[in-house]
Amino acid sequence: MPRPGRGASFDEVFLSSYARLIGSVTVVCGGDAEAAADCVADAFERAFVRWRRVSRLEDPVGWIRRVAINRAIDQGRRRRRRDRAVERLSVEHGDGSSTDQQLESAGGADTTLTAAVAALSRQQRAVVALFYVEDLSVTEVAAAMELSEGAVKYHLHQARERLRATWNPGDTRNPGDGGIL
């Protein structure tokens with residue numbers, strides 16, 4: 001589906017981009033689709049309020065994507081700060097379970113892929129999401145993330161290496177040997 005550009009209506013942009021943005025932001029959020037939906041909804045809300053200005057941009061979807069990714073990164077920072085605080089406090093509850101155990105059980109079980117992607121850095125997750133989920137080119141990812149193309153390629157390479165090591169710890173093949181990653 002073609003991406004709506006300058007002058008597109010808010011409804012056109014929303015209908016054509018919402019699901020795709022949730023897919024890529026889910027990767028940035030470490031597999032948490034609910035958090036990704038919140039981030040994308042917040043981004044669309046901000047775009048709606050500023051639609052006269054946003055609609056004149058060359059790539060209004062890119063603006064919305066950047067806002068959603070920034071929101072996801074901010075949430076990740078807050079979550080890490082919370083987790084560090086919980087770890088420092090090591091709070092025990094009356095039932096013998098720690099706060100960490102309760103937080104883990106509330107999140108449900110992650111799949112191997114989700115856990116492996118969640119272990120990537122924020123930049124790597126964002127680049128992987130935009131490149132593989134949204135099917136953007138390296139140039140488009142660089143523009144969306146405000147990075148150089150070399151930085152995008154570096155983050156993609158590092159992410160592939162980390163994912164390959166997670167899935168195939170004994171695999172010593174050259175990355176260019178035609179494997180999936």
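Counting begins at 1 with the first residue of the sequence. Predicted model, so just to flag it, every value in this text is computed and none were measured. Basis for what follows: all heavy atoms, side chains included, without hydrogens, waters or symmetry-related copies.
In this view, Ser24 and Glu134 satisfy the side chain to side chain donor-acceptor pair (under 3.5 Å) rule, not counting sequence neighbours.
Shown here for Ala68 and Cys39, the closest heavy-atom pair between the two residues is O-CB, 3.7 Å. A pairwise comparison of heavy atoms in Arg162 and Ser121 identifies NH1-N, 3.8 Å as the closest pair. Annotation for Leu147 and Gln123: closest pair CD2-NE2, 3.6 Å, computed over non-hydrogen atoms. Scanning all heavy atoms of the two residues, the minimum distance from Val25 to Ile69 falls at CG2-CG1, 4.4 Å. Taking each heavy atom of Ala144 and Arg66 in turn, the nearest pair found is O-CD, 3.0 Å. Shortest non-hydrogen contact noted between Ala36 and Ile22 is CB-O, 3.8 Å.
Listed by first and then second residue, the side-chain hydrogen bond (donor to acceptor under 3.5 Å, both in side chains) pairs that reach into residues 142-155 are Thr139-Glu149, sequence neighbours excluded.
Taking CZ of Arg65 as the start and CG of Leu136 as the end, the distance is 5.0 Å to the nearest 0.5 Å. Here the CD1 atom belonging to Ile64 is positioned 12.0 Å from the CD atom belonging to Glu45, to the nearest 0.5 angstrom. For the atom pair Leu156 CG and Glu161 CD, the distance stands at 12.0 Å (nearest 0.5 Å). One finds the CZ atom of Arg160 at 3.5 Å from the OH atom of Tyr132 (value rounded to the nearest 0.5 Å). Rounding to the nearest 0.5 Å gives a distance of 10.5 Å between CD of Gln158 and CG of Leu120.
When atom types are taken as modelled, the side chain of Arg122 and the backbone of Val28 share no donor-acceptor pair closer than 3.5 angstrom.
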Sequence neighbours left out, cut at 3.5 Å: what donor-acceptor pairs do the side chains of residues 7-14 make with other protein atoms?
residue	atom	partner	partner atom	Å
Ser9	OG	Glu12	N	3.1
Glu12	OE1	Ser9	N	2.8

Identify each donor-acceptor pair in which a side-chain atom of residues 71-79 lies under 3.5 Å from a protein atom, sequence neighbours left out, and give them as a table.
residue	atom	partner	partner atom	Å
Arg71	NE	Asp42	OD2	2.4
Arg71	NH2	Asp42	OD2	2.8
Asp74	OD1	Arg77	NH1	3.0

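Put simply, the side chain of Val141 does not reach to within 4.5 Å of the side chain of Val138, judged on heavy atoms.
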